[in-house]
Amino acid sequence: MESTLKELSNGASVLDIKDKCGVAGGVEDMYGEDRATEDQTITPWTFSVASGYSLLRDPHYNKGLAFTEAERDAHYLRGLLPPSVSSQQLQEKKVMHNLRQYQVPLQRYMAMMDLQERNERLFYKLLIDNVEELLPVVYTPTVGEACQKYGSIFRRPQGLFISLKEKGKILEVLKNWPEKSIHVIVVTDGERILGLGDLGCQGMGIPVGKLSLYTALGGVRPSVCLPITIDVGTNNQKLLDDEFYIGLKQKRATGELSESAFREAEVTFHVLLLKEYAELLEEFMSAVKQNYGEKVLIQFEDFANHNAFELLAKYRTTHLVFNDDIQGTASVVLAGLIASLKLLGGTLADHTFLFLGAGEAGTGIAELIALEITRKTSVPLEEARKKIWLVDSKGLIVSSRVESLQHFKKPWAHDHEPVKELIDAVKAIKPTVLIGTSGVGKTFTKEVVEAMASLNPKPLIMALSNPTSQAECTAEEAYTWSKGHAIFASGSPFDPVEFEGRTFVSGQANNAYVFPGFGLGIIMSGTIRVHDDMLLAASEALASEVTEDDYLKGRIYPPFTNIRKISAHIAAEVAGKAYELGLAARLPRPSDLVKYAESCMYTPLYRSYR
């Protein structure tokens, strides 16, 4: 076989040099690695026997000190580990002790990612058993800071990075991933990470975090999960100037024409960018289906509004796609609204909803509320939408603005005089429910909350923007300004609030309530397309998990401590709806879908090795 190594200056290959004793007295340097100069290539030889040193470096099988005496003998681990043998429970106790020593959340995040990379089962055992404490560490709000600093804390890749450099060979890139059977892909282009904006390639923290929750909360096996970031550049100048930025250092190719693009001098350039983005995404979607089949779930995550709606509309009839920002958020919020009716009274159709924010989340939630009202009352969808009002950066969305609105806002343009400020919209519309999806912190001011409290005996206020710094108001502000009358839920967690001798525990409208169980239901039923009725089924399943004890504390969501049970229930309802709609391909239908869901769930207990 012809050598691929570069020749030495005298024309000889490094393989031709004889070295019986090797470098520094070691064994023979048979591959020429130690003697090759920096400009010469070497072959990265490796082997894949799961024993000895390689076994300790394999996160799928490594158990650390939990390897038994027999396993240490059978797998050549003698001397590679200290003599002590630990249980998984003791390891878990030790790691939690160490994590609690860190004062900075980002340090805890990094410690958890390190654990995931060296001992996968212990990572998930830790997360499952301590979900309420660790969920804010591995996901929002800490993941936002992790994405902002991803270039600096990056150690080893945890997913696939597909950039414009890979255009034309994305299928080859997908084949580079070691796992060949993939059931769930979470993909982002990093343009709208949480409420933090364009973080480019550093948005990878979001797919990694989401898929960790698919496994920990929904029981989807980690080996069938694939995080992907599509890197088309970034418009974040701070990142472009950062020497540690790990992505393409170029302006973003986008799916939207900016207003300036319509000026003759710039239109050609922007049209080319739009075409480049669309072609890359089309190639990606085709390659995913070709490589993994019809039933791989593709979850779009943190795409900018203009791309999120277009991608969902384009591919929902040809691929198994789900947008968590539009559909997942909507399902979680609708669940909270359904649950809150026991405190508010009436039906959804009896209430008036006002949103601050008219992007993916706001319009997605609004549409699902309207669909639920339609299902329950049989009124036309257009009529149901009239109970829902949205405020964007230019004020209340009204019919006089319809010509200038983006297409996804137009259904919410109702007849009303223009209103610029949120407080004036509250006074004019008199909503019973106020929902914040603006991504702008501190916008539910004291005046706004007091106005809601003056209009309603129990105003429902949902400050959903993430991370915590972007929340429209805090739990303490909502309870204090409403004098304890508000029912409050948020996107990020808040501590319990003491007010006038009563302890209020706010609910967290976290997407993690729905998407893990939703995904499990799709996988276990072999569903081939996502239908809106499946989202409604997930909402109703989640709402049914709220107990009387939760209501007494002011919560409209159940505690996360029961999330695996909740996910199994959601999976069963989603799968049941898929079978009902004729979208499930795995036949015959199991007689008990809840038990079947539980049997499908991954458990992170250590296995014994023979």
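The first residue in the sequence is number 1, and the count goes up from there. For the numbers below, each heavy atom of this structure counts, side chains included, while hydrogens, waters and symmetry mates do not. Everything numeric here is computed off the predicted structure, so don't read it as measured data.
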### Task
Evaluate the side chain to side chain contact (heavy atoms under 4.5 Å, CB included) criterion for residues His407 and Glu310: first the C-alpha distance (whole Å), next the side-chain angles of each, then the deciding distance (0.1 Å), finally the verdict.
CA-CA 10 Å; His407 68 90; Glu310 292 295 337; 3.3 Å; yes
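- A 4.5 Å side-chain heavy-atom check between Ile566 and Pro558 finds at least one atom pair inside the cut-off.
- No side-chain donor-acceptor contact under 3.5 Å links Asn456 to the backbone of Ala453.
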### Task
Go through the steps to decide whether Leu396 and Leu390 satisfy the test side chain to side chain contact (heavy atoms under 4.5 Å, CB included), and finish with yes or no.
CA-CA 6 Å; Leu396 191 66; Leu390 280 69; over 6 Å; no
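- Salt bridge Arg529/Glu294: present, at least one basic N to carboxylate O contact under 4.0 Å.
- Using a 4.5 Å heavy-atom cutoff, the side chains of Leu455 and Val426 are in contact.
- Considering only residues two or more places apart in sequence or on other chains, Tyr557 meets the ring pair (Phe, Tyr, Trp, His ring centres under 6.0 Å) condition with Tyr513.
- In terms of the ring pair (Phe, Tyr, Trp, His ring centres under 6.0 Å) criterion, Tyr579 has no residue partners (sequence neighbours excluded).
- Judged as a salt bridge (Lys or Arg N to Asp or Glu O under 4.0 Å), the pairs with a partner in residues 408-417 (not counting sequence neighbours) are, in order, Asp392-Lys409.
- To the nearest 0.5 Å, atoms NZ (Lys295) and NZ (Lys289) are separated by 13.0 Å.
- A salt bridge is absent between Arg564 and Glu598; no separation between the charged side-chain nitrogens and carboxylate oxygens falls under 4.0 Å.
- Between His414 and Trp389, the ring planes lie perpendicular to each other; the angle is over 60°, past the 30° to 60° tilted range.
- Contact annotation: the side chain of Pro418 approaches that of Ser400 to within less than 4.5 Å [non-hydrogen atoms, C-beta and beyond].
- Ion pairing between Lys420 and Asp424 fails under the 4.0 Å rule for side-chain N and carboxylate O.
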### Task
In sequence, state the C-alpha distance, the side-chain angles, and the governing distance for Ile461 and Val449, and then conclude on side chain to side chain contact (heavy atoms under 4.5 Å, CB included).
CA-CA 8 Å; Ile461 297 174; Val449 174; 3.9 Å; yes
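- Contact annotation: the side chain of Gln299 approaches that of Lys210 to within less than 4.5 Å [non-hydrogen atoms, C-beta and beyond].
- For His319, the ring pair (Phe, Tyr, Trp, His ring centres under 6.0 Å) test picks out Tyr315, with sequence neighbours left out.
- For the pair Glu132 (side chain) and Phe560 (backbone), a donor-acceptor distance under 3.5 Å is present.
- With no hydrogens or angles considered, a side-chain donor-acceptor pair links Thr527 and Ser525 at under 3.5 Å.
- With contacts defined as side-chain heavy-atom distances shorter than 4.5 Å, the pair Gln148/Leu199 qualifies.
- In this structure, Ile185 CD1 and Ile228 CD1 are separated by 4.5 Å, a value rounded to the nearest 0.5 Å.
- Here OG of Ser454 is found 10.5 Å from NZ of Lys483. Values are rounded to the nearest 0.5 Å.
- Expressed to the nearest 0.5 Å, how far CG of Leu337 lies from CD1 of Ile556 amounts to 6.5 Å.
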### Task
Start with the C-alpha gap between Asn130 and Leu99, add the side-chain angles, then the distance that decides, and say whether side chain to side chain contact (heavy atoms under 4.5 Å, CB included) holds.
CA-CA 12 Å; Asn130 304 274; Leu99 282 174; over 6 Å; no
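- Note on residues 578-587: pairs passing salt bridge (Lys or Arg N to Asp or Glu O under 4.0 Å), not counting sequence neighbours, are Lys577-Glu580.
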Using residues 350-368 as the side-chain source, report each donor-acceptor pair under 3.5 Å to any protein atom, sequence neighbours left out, with the distance given to one decimal.
unit_1 : atom_1 : unit_2 : atom_2 : d
Asp350 : OD2    : Thr347 : N      : 2.8
Asp350 : OD2    : Thr347 : OG1    : 3.1
His351 : ND1    : Thr432 : OG1    : 3.0
His351 : NE2    : Gly345 : O      : 2.9
Glu360 : OE2    : Arg192 : NE     : 2.9
Thr363 : OG1    : Gly359 : O      : 2.6
Glu367 : OE1    : Arg385 : NE     : 3.2
Glu367 : OE1    : Arg385 : NH2    : 3.2
Glu367 : OE2    : Arg385 : NH2    : 2.9

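- The shortest side-chain heavy-atom distance between Glu477 and Lys446 does not fall under the 4.5 Å cut-off.
- Between Glu372 and Arg375 there is no salt bridge, since none of the side-chain N atoms of the basic residue sits less than 4.0 Å from a carboxylate O of the acidic one.
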#### Entry: CA sep, side-chain torsions, deciding dist, call: Tyr479, Phe499, ring pair (Phe, Tyr, Trp, His ring centres under 6.0 Å)
CA-CA 7 Å; Tyr479 292 126; Phe499 182 79; 8.3 Å; no
### Task
Start with the C-alpha gap between Lys553 and Glu548, add the side-chain angles, then the distance that decides, and say whether salt bridge (charged side-chain N to carboxylate O under 4.0 Å, His left out) holds.
CA-CA 9 Å; Lys553 295 176 181 177; Glu548 289 300 325; over 6 Å; no
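- Looking at Glu472 and Lys442, no side-chain N of the basic residue comes within less than 4.0 Å of a carboxylate O on the acidic one, giving no salt bridge.
- Between Phe515 and Phe518, the distance separating the two ring centers is not shorter than 6.0 angstrom.
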